[in-house]
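Reviewing the structure listed below.
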Amino acid sequence: MVKNYFQHREFSFTLKDDIYIRYQSFNNQSDLEKEMQKMNPYKIDIGAVYSHRPNQHNTVKLGAFQAQEKELVFDIDMTDYDDVRRCCSSADICSKCWTLMTMAIRIIDRALKEDFGFKHRLWVYSGRRGVHCWVCDESVRKLSSAVRSGIVEYLSLVKGGQDVKKKVHLSENVHPFVRKSISIIKKYFEGYALVGQDILENKESWDKILALVPETMHNDLQQNFQKHHSSLQRWEYLKKAASQCPSNIKNEKCGPWLEWEIMLQYCFPRLDINVSKGINHLLKSPFSVHPKTGRISVPIDLQKVDQFDPFAVPTISSICHELDAIFTSEAEKEENQAESDIKHRTRDYKKTSLAPYVKVFEQFLENLDKSRKGELLKKSDLQKDF
């Protein structure tokens with residue numbers, strides 16, 4: 001670990017009325033805590049590790065103050081799926097569309113782990129409508145902006161703005177990353193897209209899907225969709241029709257490609273590229289309180305991704321109530337105890353519903369620390385060999 005690593009890290013506070021205070025830095029944990037208590041920020045963002053202390057950036061000569069290291073971060077926001085989810089829009093989420101985040105975590109995390117070999121990946125609920133990922137391996141923190149862009153590009157498939165109807169185009173030879181992503185989506189597609197979102201429910205919804213298939217198939221599908229009575233039946237018919245359509249027309253793919261392109265457009269993760277490629281980009285700190293929902297931005301246990309429920313996450317109010325109840329019952333106990341024994345004091349958060357989330361975070365940090373110590377041992381062994 002570089003000396004002064006913490007002192008060179010940028011923290012940003014958002015105060016009441018969206019007042020931003022950037023380029024703050026602190027000598028130690030205690031200074032950060034004091035400043036948080038003094039300023040009482042609505043939101044805390046974490047930035048890069050700079051060449052100089054961020055709070056002295058105005059005293060450094062022009063061009064010398066540079067972002068040197070930062071975790072590789074990903075931000076996935078439900079609003080980016082508004083063209084393909086039917087249950088909610090903008091900032092709203094529900095259990096039906098949350099499956100999009102479950103699929104996103106599974107697809108991106110698998111690729112980061114298996115395709116890139118990144119070990120230390122922390123997934124965090126944003127507190128409202130999305131998820132963040134922090135990749136913290138030492139080698140990753142030092143990556144240039146160009147390499148970060150390359151990684152995000154590799155992980156991106158859905159391309160084009162609101163005016164572009166067909167956003168996924170597969171080549172004939174499908175890349176292994178795409179194949180593995182499709183196999184993850186397949187596990188969720190029926191329950192999520194065909195039942196939950198009912199994406200072929202009526203003419204209005206199936207017209208959106210017809211815009212993604214060759215025009216030569218439109219008449220046949222329109223007629224037959226009317227004969228079937230559910231999204232499940234219509235999807236089966238679409239797959240059958242796709243397997244029979246002649247794919248000799250240039251640029252028009254049929255068969256499984258067509259089915260895959262629709263599945264990917266409706267379910268594949270949509271990343272905010274700018275968040276990931278910039279080294280000096282800020283991202284909300286884990287365990288922040290979301291100012292609009294009051295929910296805590298908690299780490300997600302990768303072993304239990306499918307069980308994660310954003311609506312069951314502790315809120316700042318629920319934690320205050322829990323603590324009040326604990327203090328009341330402890331005060332009563334102490335009154336009833338004639339002799340006050342010296343009790344082993346448990347940290348307050350461990351008595352609340354935040355405890356399991358902190359445990360996930362501590363486990364992540366423990367693994368990161370082990371890996372750092374392992375690297376240091378390797379380095380010292382190598383030096384002894386010379």
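Neither side chain, Glu69 nor Tyr50, offers a donor N or O lying under 3.5 Å from an acceptor on the other. Side chains of Gln222 and Trp206: a donor-acceptor N/O pair is present below 3.5 angstrom, by distance only. Between the side chains of Glu33 and Gln29, at least one donor N or O lies within less than 3.5 Å of an accepting N or O. For Asp198 and Ser231, the side-chain atoms include at least one donor-acceptor pair closer than 3.5 Å. Side-chain contact check for Ser353 and Glu322: at least one donor-acceptor pair (N or O, by modelled atom type) lies under 3.5 Å. Donor-acceptor pairing under 3.5 Å is lacking for the side chains of Ser297 and His290. Remark: the Thr79 side chain and the Asp77 side chain contain an N/O donor-acceptor pair separated by less than 3.5 Å. Judged by distance alone, the side chains of Asn202 and Ser205 do bring a donor and an acceptor atom under 3.5 Å apart. No side-chain donor-acceptor contact under 3.5 Å links Tyr125 and Asp309.
Aromatic rings of His175 and Tyr154 (six-membered ring for Trp) have centroids within the 6.0 Å cut-off, being under it. Aromatic ring centroids of Phe11 and Tyr23 lie 6.0 Å or more apart. Aromatic rings from Phe311 and Trp98 are positioned such that their centres are separated by 6.0 Å or more.
Side chain of Asp45 to main chain of Leu282: no donor-acceptor pair is present (N/O by atom type, distance under 3.5 Å, no hydrogens or angles). Using modelled atom types, no side-chain atom of Arg295 and backbone atom of Pro314 make a donor-acceptor pair closer than 3.5 Å. Judged by distance alone, the side chain of Arg22 and the main-chain N or O of Ser12 form no donor-acceptor pair under 3.5 Å. When atom types are taken as modelled, the side chain of Thr352 and the backbone of Ile319 share no donor-acceptor pair closer than 3.5 angstrom.
Only one option out of Ile46, Leu122, Leu283, Val135 pairs with Val73 in a side-chain contact (heavy atoms from CB on, under 4.5 Å); it is Leu283.
Taking the side chain as every heavy atom from C-beta outward, Val152 and Ser149 never approach each other to under 4.5 Å. Between Ile76 and Leu271 the shortest side-chain heavy-atom distance falls below 4.5 Å. Two residues are said to be in side-chain contact when any heavy atoms from C-beta on lie closer than 4.5 Å; Lys359 and Phe364 fail this criterion.
Using a 4.0 Å cut-off between a side-chain N of Lys or Arg and a carboxylate O of Asp or Glu, Arg372 and Glu375 do not qualify as a salt bridge. Between Asp83 and Lys208 there is no salt bridge, since none of the side-chain N atoms of the basic residue sits less than 4.0 Å from a carboxylate O of the acidic one. Lys113 and Asp109 are not joined by a salt bridge, as no carboxylate oxygen comes within less than 4.0 angstrom of a charged side-chain nitrogen. Look at Arg129 and Asp80 and you find no salt bridge, because none of the NZ, NE, NH1 or NH2 atoms lies under 4.0 Å from a carboxylate O. With salt bridges taken as basic N to acidic carboxylate O contacts below 4.0 Å, none links Lys240 and Glu236. The pair Arg141-Asp137 does not meet the salt-bridge criterion, since no charged nitrogen lies less than 4.0 angstrom from a carboxylate oxygen. A salt bridge links Glu71 and Arg9; the closest N-O separation between the charged side-chain nitrogens and carboxylate oxygens is under 4.0 Å. Salt bridge Arg148/Glu153: absent, no basic N to carboxylate O contact under 4.0 Å. Ion pairing between Glu201 and Arg86 holds under the 4.0 Å rule for side-chain N and carboxylate O.
With hydrophobic clusters built from ILVMFWY side chains whose heavy atoms lie under 4.5 angstrom apart, Tyr266 shares a cluster with Leu210. Linking Ile, Leu, Val, Met, Phe, Trp and Tyr whenever their side-chain heavy atoms come within less than 4.5 Å puts Ile93 and Val305 in one cluster.
Taking the six-membered ring for Trp and thresholds of 30 and 60 degrees, Phe26 and Phe13 have nearly parallel ring planes, at less than 30 degrees apart. By the 30° and 60° cut-offs, the orientation of the rings of Phe361 relative to Phe287 is perpendicular.
By the 6.0 Å contact criterion, NE2 on His218 is enclosed, its count of non-hydrogen atoms from other residues, nucleotides or ligands being greater than 12.
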